[in-house]
Amino acid sequence: MWPKAKSTRFQGKHVLVTGGSKGIGYSLAKEALARGANVSILARNKEDLAKAALELEALGLGKVASAAADTTNADQLKAAIAAVEEALGPVDVLICNAGMCIPGLFTEAPVADYSRTMEVNYLGTVRTIKLVLPDMLARQQGHIVIVSSALAVCGFSGYTSYAPSKWALRGLADCLRNEVGPLLVATGVRVSIGYPPDTDTEGYQRENETKPRSCVAANAVLGSDLFPSERVARALWRGIARGAFHLPSPDPGQALLLDSMAGLSPGVLWAPLGALLAPVVRLVLAVLRVNMDRAVAKVRRTQEPLLTERVRRD
């Protein structure tokens with residue numbers, strides 16, 4: 001049985017999770033139920049969606065609704081959201097988690113990969129928020145949660161189609177926070193963004209099947225652990241519960257990286273602590289960058305020449 005959280009803040013609230021049939025999205029849905037919420041999940045694959053919904057209902061922690069939709073299809077998405085709202089009421093917490101990744105070298109990946117990734121990861125999120133936010137503003141309550149990636153603050157070889165789409169989500173979150181949620185004084189709507197690290201999901205395993213060797217080498221230098229989706233979901237929900245803009249990660253090093261790139265958004269660390277650690281963080285990041293570049297350069301020289309007969313031109 002999924003452990004029931006003590007907090008009742010989300011009791012009876014409607015939490016909608018896109019990409020909720022597997023991986024992080026599924027774990028986020030389970031965590032929402034554990035916190036007393038009613039949950040709806042959206043996903044493209046009807047078979048996976050039905051299986052996930054049955055499993056969530058079997059937990060006996062709250063009401064569950066589901067609807068099939070591709071976030072790249074505006075009509076499908078609109079109909080799906082209308083269906084789950086009819087079942088559970090207006091959305092109180094929207095978690096935009098649906099996404100995809102197509103690893104590959106820039107010189108070999110077709111432009112279609114970039115278009116598809118941006119369409120799903122960025123524009124799919126935009127479409128979803130546009131369908132839910134107006135009602136939240138009218139009711140003066142709600143919470144928009146955007147699930148980005150650690151690649152939104154750290155990009156490297158093999159992720160030239162994926163990382164930019166996740167950086168775009170960071171820009172969207174920054175703008176939305178300022179537009180609709182400054183101190184909650186105007187609209188009552190919160191905005192948050194999370195940056196999951198490498199997570200043990202089916203999607204991540206599929207990525208590993210096609211990752212360029214330079215991508216694997218860069219990732220190895222960064223030393224990222226592979227985290228269970230349940231642990232990632234719990235960390236994200238801790239931040240959602242306290243209304244944080246930058247949601248926490250189970251990877252402690254990520255907090256330092258995020259704080260160094262906060263810009264005008266709220267910092268991740270307590271401001272005096274962030275200022276104190278800034279010189280050390282900059283030095284550590286510089287060392288990591290040099291080591292990562294060297295690792296990738298070594299692979300590219302010996303195994304992945306920039307120009308090969310495999311290069312595809314659009």
Counting only N and O atoms by type, is there a donor-acceptor contact under 3.5 Å from the side chain of [X] to the main-chain atoms of [Y]?
| X | Y | result |
| --- | --- | --- |
| Asn97 | Gly19 | yes |
| Ser192 | Val145 | no |
| Thr125 | Leu123 | no |
| Gln76 | Asp70 | yes |
| Asp92 | Val15 | no |
| Glu202 | Gly23 | no |

Look up atom [atom1] in [X] and atom [atom2] in [Y], then write down how far apart they are to the nearest 0.5 Å.
| X | Y | atom1 | atom2 | answer |
| --- | --- | --- | --- | --- |
| Lys166 | Cys101 | NZ | SG | 9.0 Å |
| Ser161 | Ile102 | OG | CD1 | 5.5 Å |
| Tyr122 | Arg127 | OH | CZ | 11.0 Å |
| Arg231 | Leu226 | CZ | CG | 11.0 Å |
| Trp167 | Asn121 | CH2 | CG | 15.5 Å |
| Asp198 | Asn219 | CG | CG | 4.5 Å |

Exercise. Just do the side chain to side chain donor-acceptor pair (under 3.5 Å) check on Asp251 and Ser249 with the steps written out, would you?
Key: CA-CA 5 Å; Asp251 184 349; Ser249 164; 5.4 Å; no
Exercise. Carefully, step by step, assess Val39 and Lys30 under the rule side-chain contact (heavy atoms from CB on, under 4.5 Å).
Key: CA-CA 8 Å; Val39 170; Lys30 291 177 74 174; over 6 Å; no
Quiz prompt | All pairs passing side-chain hydrogen bond (donor to acceptor under 3.5 Å, both in side chains) where residues 36-46 contributes a residue, at least two apart | solution =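 side-chain hydrogen bond (donor to acceptor under 3.5 Å, both in side chains) check on residues 36-46 returns His14-Ser40.
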Could you check if a side-chain atom of [X] sits within less than 4.5 angstrom of a side-chain atom of [Y], using non-hydrogen atoms only?
| X | Y | answer |
| --- | --- | --- |
| His246 | Arg170 | yes |
| Arg206 | Thr201 | no |
| Val180 | Ile144 | no |
| His143 | Leu94 | no |
| Ile146 | Ile129 | yes |
| Asn208 | Gln205 | yes |
| Ser214 | Leu105 | yes |
| Pro250 | Val232 | yes |

Where do [X] and [Y] come nearest, in terms of heavy atoms and distance?
| X | Y | result |
| --- | --- | --- |
| Ala98 | Thr71 | CB-CG2, 4.1 Å |
| Ile24 | Pro196 | CD1-CB, 3.6 Å |
| Arg116 | Met100 | CG-SD, 3.6 Å |
| Ala87 | Ala65 | CB-CB, 4.1 Å |
| Val84 | Ser66 | CG1-C, 4.1 Å |
| Ala109 | Tyr114 | CB-CE1, 3.8 Å |

Quiz item: Is it true that atom CD of Glu86 has more than 12 heavy atoms of other residues, nucleotides or ligands lying nearer than 6.0 Å?
Solution: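 Result for CD/Glu86: open.
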Practice problem: In plain terms, say whether Glu230 and Arg234 are close enough for a salt bridge, that is, a side-chain N and a carboxylate O under 4.0 Å apart. | Solution: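 Salt bridge flag = no for Arg234 with Glu230.
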Do [X] and [Y] sit in one hydrophobic cluster, given that two such residues count as connected whenever their side-chain heavy atoms are within less than 4.5 Å of each other, even indirectly?
| X | Y | answer |
| --- | --- | --- |
| Ile81 | Leu137 | yes |
| Val191 | Val126 | yes |
| Leu77 | Val91 | yes |

For residues 52-64, dump all side-chain donor-acceptor pairs below 3.5 Å to protein atoms at least two apart in sequence or in another chain.
from  : atom 1 : to    : atom 2 : distance (Å)
Glu55 : OE1    : Tyr26 : OH     : 2.7
Glu55 : OE2    : Lys51 : NZ     : 2.8

Quiz prompt | side-chain contact (heavy atoms from CB on, under 4.5 Å) evaluation trace for Val120 with Ser165 | solution = CA-CA 9 Å; Val120 173; Ser165 71; over 6 Å; no
Quiz item: Should the pair Tyr159 and Tyr162 be assigned to parallel (<30°), tilted (30 to 60°) or perpendicular (>60°) ring geometry?
Solution: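 Geometry flag for Tyr162 against Tyr159: tilted rings.
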Practice problem: Quick one: do Leu247 and Ile240 satisfy side-chain contact (heavy atoms from CB on, under 4.5 Å)? Show the steps, please. | Solution: CA-CA 7 Å; Leu247 300 180; Ile240 294 170; 3.9 Å; yes
Quiz prompt | Leu133 and Leu176: CA distance, side-chain angles, deciding distance, side-chain contact (heavy atoms from CB on, under 4.5 Å) verdict | solution = CA-CA 10 Å; Leu133 181 59; Leu176 275 179; 4.3 Å; yes
Practice problem: For a side-chain contact (heavy atoms from CB on, under 4.5 Å) with Pro90, tell me which candidate from Lys13, Arg139, Met136 qualifies. | Solution: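 Single side-chain contact (heavy atoms from CB on, under 4.5 Å) partner of Pro90 among Lys13, Arg139, Met136: Arg139.
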